[in-house]
There are 2 protein chains.
Amino acid sequence: MDDTASGGAAARILSAAEELFAARGFAGVSARDIAERAGEKKASVFYHFGSKPELFQRVLERYYAAHAEALGSASAGPGDARERLHRLIDAYLDFAEDHEAYMRLVQHEIAAGSEFLPEVQRGLALLLDRVQAILADLVPATGPLSARQFFLTFSGIVNAYQVFAPALGPLWGEDPRKTGARRERRAHVHWVADALLAGLEGERRRA
Amino acid sequence: MDDTASGGAAARILSAAEELFAARGFAGVSARDIAERAGEKKASVFYHFGSKPELFQRVLERYYAAHAEALGSASAGPGDARERLHRLIDAYLDFAEDHEAYMRLVQHEIAAGSEFLPEVQRGLALLLDRVQAILADLVPATGPLSARQFFLTFSGIVNAYQVFAPALGPLWGEDPRKTGARRERRAHVHWVADALLAGLEGERRRA
DNA sequence: GTCTATATCTCGATAGAC
DNA sequence: GTCTATCGAGATATAGAC
């Protein structure tokens, strides 16, 4: 059994590393910081995980698994394209709300051109697959209205709120993490999805 | 005259810092790294800029000024809301293409919860202002269709391509920096803008 | 498995010759 | 203004007692 699954020292270190890496990035966190937050000694970090880069990979892997699981069932079920798209959006938003630290971490590492990029790409590839499956009969295979363009657009829309809004602070007015603010954002994203579907419908009628 | 404007040692250091901070964030770059890329000695970095945080602020300020200038004229001119919105989008896309390193840097620092966030917020506040001025008579003042929601949505859409697409690599198929790929993305963003404007038009007719 | 202690390195920053 | 040399702090990582 994986010793990081239960409540031992390794699990506490992994959780602490998760929070700190997400908050300050790979380079901004030291093994001492992680040990302190975990309530362990620094040497214990190296005993359980070998090195700082290895610990970071473990953090990424753990989240990747959670992300894949969250999206797995949401989009595969019954319903037409519109219903499945809205379910996928909700699943993505749910996951983003429950794993804010992860969203920041991924955003951080992608922006940094991280050496751990291959791990991140696996997660994105899965999501692109889902979107392509849903949009397959609504959009052209290539060009400005292809599935990959919409995938990138929706990723940006969801991530922007999760990562940017808290940083906007006074610019945004209210705390973006409050329930009311989240509900408003969710309504916005669903409205956008419907507006784009209506636009695609117009394109199909025209053709 | 500013000694960083011409081609002296200070200018080379500033350019090197710009690239490295954008690639790896503030904490991921050392003064030695910067000096080496600039072809200067480490002591020269401190002589010209005092400290690493001061150098970083200089990098941010330089870009902030360029960003403000780029958006200033684009959205203020004549035309109806649709025309001005498309001009703003083009200006943003132009700037993003010409200053890819800056986009990554801002994204990086926001995701990291940087201590330099106030500087970044000034740039975002300006853009939010522009969007609000353009959308003022098209959208409600509050709620899911308010200007700030669309601002965040469009920021996400533009940033996603600039920051995510290059990281997607093989997932994307072709090099996102090639002219053809950029033209396709630009057409996509303008199409999205028109679809959302059509949706807003529908809302207004319904009310 | 978990500690203390420490080896070794690199960091930001400075002093002082030139 | 630009160099070499170096400081003290804090980093990763390891050795070895328990």
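Below, chains carry the letters A, B, ... as their sequence lines are ordered, and counting in each starts from 1.
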Enquirer: Please say which of B/Asp129, B/Leu152, B/Ile110 ends up in a side-chain contact (heavy atoms from CB on, under 4.5 Å) with B/Leu124.
Expert: B/Ile110

Enquirer: Identify which one of B/Asp194, B/Leu196, B/Val189 satisfies the side-chain contact (heavy atoms from CB on, under 4.5 Å) criterion when paired with B/Val192.
Expert: B/Leu196

Enquirer: Tell me: CD of A/Glu40 to C1' of C/dG1, nearest whole Å?
Expert: 10 Å

Enquirer: Starting at atom CZ of B/Arg24, determine the distance to atom C1' of C/dT10, rounded to an integer number of angstrom.
Expert: 14 Å

Enquirer: Report yes if a side-chain nitrogen or oxygen of B/Arg32 is closer than 4.0 Å to either non-bridging phosphate oxygen (OP1 or OP2) of C/dT10; otherwise report no.
Expert: no

Enquirer: Can you tell me which nucleotide in D/dA13, D/dA15, C/dA15 comes closest to the side chain of A/Ala43?
Expert: D/dA15

Enquirer: Taking NZ, NE, NH1 and NH2 as the nitrogens, is one of them in B/Lys42 or B/Glu36 under 4.0 Å from a carboxylate oxygen of the other?
Expert: no

Enquirer: Could you tell me how far apart A/Glu36 (CD) and C/dC3 (P) are, to the nearest whole angstrom?
Expert: 13 Å

Enquirer: Tell me whether B/Arg24 contacts the main-chain N or O of B/Val29 through its side chain, where contact means a donor paired with an acceptor under 3.5 Å.
Expert: no

Enquirer: Can you tell me the distance, in whole Å, between the CZ atom of B/Phe46 and the P atom of C/dA13?
Expert: 5 Å

Enquirer: Nearest whole angstrom, please: distance from the P of C/dG12 to the CG of B/Leu20.
Expert: 12 Å

Enquirer: By nearest atom, which of the nucleotides D/dT12, D/dT2, C/dG12 is closest to the B/Ser44 side chain?
Expert: D/dT2

Enquirer: What is the distance, to the nearest angstrom, from the NZ atom on B/Lys52 to the P atom on C/dT10?
Expert: 16 Å

Enquirer: Quickly work out the B/Tyr47 OH to C/dG12 P distance and round it to whole Å.
Expert: 21 Å

Enquirer: So if I take every side-chain heavy atom of B/Ser51 and compare against C/dA13, D/dT14, C/dC3, which nucleotide ends up nearest?
Expert: C/dA13

Enquirer: Does a nitrogen or oxygen in the side chain of B/Ser30 sit under 4.0 Å from OP1 or OP2 of C/dT10?
Expert: no

Enquirer: Between atom CZ in B/Phe49 and atom P in C/dT14, what is the gap in whole Å?
Expert: 16 Å

Enquirer: With heavy atoms under 4.0 Å as the rule, sort A/Val29 into base, sugar-phosphate or nothing.
Expert: sugar-phosphate

Enquirer: Decide whether a cation-pi geometry holds between A/Arg58 and A/Phe49; the criteria are a distance under 6.0 Å from NZ or CZ to the six-membered ring centre and an angle within 45° of the ring axis.
Expert: no

Enquirer: Can you tell me if the side-chain N/O atoms of A/Lys41 get under 4.0 Å from OP1 or OP2 in C/dT2?
Expert: no

Enquirer: On DNA chain D, compare the nucleotides closest to B/Lys42 and B/Gly39; which residue's is nearer the 5' end?
Expert: B/Gly39

Enquirer: Which listed nucleotide (C/dA13, D/dT2, C/dT4) is nearest to the side chain of B/His48?
Expert: D/dT2

